[in-house]
*Asks:* 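My questions all concern the structure below.
Whatever order the structure lists ligands and atoms in, that order sets their numbers, starting from 1.
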Amino acid sequence: MTNDARHPDARARAPLPAVNSYTEWDPLREVVVGSLLGGVFPDWQESMERVVPDAARPVFRELGGAPLPAGLLKAAEEELEGLVAVLEGHGITVVRPDAVDHEVPFGTPHWSARGGLYAGMPRDLLMVVGDAIIEAPMSWRCRHHEVDAFRSLIKSYFRRGARWLPAPRPQLTDELYGGGADGWAVTEFEPVFDAADFLRFGRDLVVQRSHVTNDFGIDWLRRALGPGFGVTVVETDDPHAMHIDATLAPLAPGKLLVHPERYVPHEVFAGWEVRPAPPPTLPREWPMYFCSPWVSMNVLSLDPETVVVERQEQPLIEALTEWGFRCVPVDFRHVYTFGGSFHCVTLDTVREGGPGRYLGVP
Ligand code: DAV
């Protein structure tokens with residue numbers, strides 16, 4: 001039983017390494033919260049076809065590299081500030097990325113992009129496993145330099161003792177795209193993954209194959225982490241698969257919130273209580289450029305009993321409360337517009353706890 005909300009100082013007592021995070025639910029002490037400031041529409045590439053909403057395709061084709069709509073962006077930034085205030089109110093240290101110019105076009109000898117994207121979703125790009133920060137090799141070309149906004153943070157964590165593991169820089173040439181096995185948008189040309197296709201359960205990680213994560217990338221991460229960690233690929237039923245964190249949400253040891261259709265039972269969750277998330281409440285006409293309304297279940301755990309949930313997702317709040325959780329409601333619908341919710345926009349760099357074993361793996 002933690003009382004950290006009432007006793008913010010409790011978290012400051014026992015010193016922990018600069019980076020220490022093994023699960024999605026242990027008591028949170030420090031977190032990176034992304035920033036959408038200066039964000040631009042992604043330059044279109046065919047591998048986005050199966051993951052972005054229909055209405056977004058012509059927009060990205062036409063407006064790739066152009067600023068995201070100012071009014072919507074401002075509303076989303078205000079919601080991010082609201083999240084920061086709530087986290088700080090719980091005694092959690094919040095750090096933010098650097099401001100970088102996302103409008104600058106760039107290229108390699110093989111391709112070019114009319115601009116970057118944003119620094120809004122550190123979960124997509126970075127993964128903390130224990131004392132290591134991993135930089136993901138992302139397959140959307142517009143995201144090739146996304147790490148720049150986080151580099152001073154990563155260097156600072158490194159100087160304070162964290163391990164720093166950038167994946168091999170992907171070339172992102174045409175061989176990577178189109179006609180991947182089983183209909184995936186990426187081939188096995190080189191290792192690629194988005195960090196958000198992984199979830200952490202102590203010494204075990206769970207990952208889904210997706211339109212941005214290939215087997216080569218999963219193998220790279222498995223070998224980079226070494227024998228102290230296990231990586232299990234789980235099947236999900238999601239033709240648009242990109243990021244596992246609106247499909248599975250482990251909220252505490254033995255408690256797994258799932259998308260009612262995408263979840264495919266797997267033996268690693270033997271002994272876990274699995275409950276379906278209620279449908280999202282987002283109005284149909286709400287602008288959504290990147291993802292589905294199911295980011296409603298993209299919650300952030302502050303500890304095994306406390307979750308940050310979108311304020312208007314009342315059915316989810318009721319379901320979680322009934323399950324024994326304390327819900328912290330935060331307005332976040334404008335952030336949804338740009339591709340994620342509380343789990344996506346954060347990177348939990350410091351949580352209490354160590355490398356436990358929680359899954360039914362041999
Ligand atoms: O439901 O569209 C969203 C994942 C956000 N990173 C979805 C998946």
*Asks:* According to the ring-ring contact (aromatic ring centres under 6.0 Å, His included) rule, which pairs have a member within residues 207-256, sequence neighbours left out?
*Replies:* Trp184-His211

*Asks:* Name all pairs fulfilling the side chain to side chain donor-acceptor pair (under 3.5 Å) condition that reach into residues 328-337, sequence neighbours left out, sorted by first residue then second.
*Replies:* Glu79-His334, Thr281-Arg333, Trp286-Thr337, Arg311-Asp331, Gln312-Arg333, Glu313-Tyr336

*Asks:* Check this for me, if you would: do Asp174 and Arg141 make a salt bridge, where the nitrogen-to-carboxylate-oxygen distance has to be below 4.0 angstrom?
*Replies:* yes

*Asks:* For Arg169, which residues count as a salt bridge (Lys or Arg N to Asp or Glu O under 4.0 Å) partner, sequence neighbours excluded?
*Replies:* none

*Asks:* Over 60° means perpendicular and under 30° means parallel, so classify the ring planes of Phe198 and Phe193, tilted if in between.
*Replies:* perpendicular

*Asks:* Return the protein residues near ligand 1 (heavy atom under 4.0 Å from any of its atoms), ordered by chain and residue number.
*Replies:* Met242, His243, Asp245, Ala246, Arg262, Cys291, Ser292, Val295, Gly339, Cys344

*Asks:* Indicate yes or no: does Asp148 engage Arg151 in a salt bridge with an N to O separation below 4.0 Å.
*Replies:* no

